[in-house]
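Here's the structure, in structure tokens; my notes come after.
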Amino acid sequence: MSRRRPIGPPRGAAETAEAARQAVLGSRFRNGPEDASHTPHTGLTPASETPRTPARKRRRAEPEGKVRRTYYLAEGDADALERAVTQICDALGGRVERHRVLGAVIAAGTAQADRITADLRAELRAELLGDLTAPGD
């Protein structure tokens, strides 16, 4: 029985890979666009000609007098806010834009800032006192 020879890559594949490698390495040392004519054809698109996707999506222009901000809320609070805004929008027959309804909800909350501060202060005090009176570990 004859000895088997290992099958290598198809003819031309090694030359193509080597040509691609040389093109990449050679592009690092090019002086300018005039050297581009001396680059061997590899069938690959150079990185400089590859269409680029934007790193991030373009933001829409902010409407006059409005800003976009992000606030992180507990999931339950975000759901409750969404339900309230939807309820108000539905009650008004969808004739008021959501941003106006959300603004009205926030305005109602800011009008009660003193009461909210007192409520949160009482909660914090109860938590702190609970920590002090809890049995030690």
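Scope of the values below: all heavy atoms of this structure, side chains included, with no hydrogens, waters or symmetry mates. Here, residue 1 is the first one in the sequence, and each next residue gets the next number.
Rounding to the nearest 0.5 Å places CZ of R95 at 13.5 Å from SG of C89. Rounded to the nearest 0.5 Å, atoms CG (L92) and CD1 (I88) are 7.5 Å apart. Expressed to the nearest 0.5 Å, how far CZ of R115 lies from CG of L120 amounts to 9.5 Å.
Take R125 and apply the side chain to side chain donor-acceptor pair (under 3.5 Å) test, not counting sequence neighbours, and it matches no residue.
At a threshold of 4.5 Å between side-chain heavy atoms, the hydrophobic network of Ile, Leu, Val, Met, Phe, Trp and Tyr places L73 and I106 in one connected group.
Sparse packing is recorded around CD of Q87, with 12 or fewer heavy atoms of other residues, nucleotides or ligands lying under 6.0 Å away. More than 12 heavy atoms of other residues, nucleotides or ligands shown are found within 6.0 angstrom of CG on D90.
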Side-chain donor-acceptor pairs under 3.5 Å in residues 75-86, sequence neighbours left out?
from, atom 1, to, atom 2, distance (Å)
E82, OE1, R98, NH2, 3.3
E82, OE2, T86, OG1, 3.4
E82, OE2, R98, NH2, 2.6
T86, OG1, E82, O, 2.9

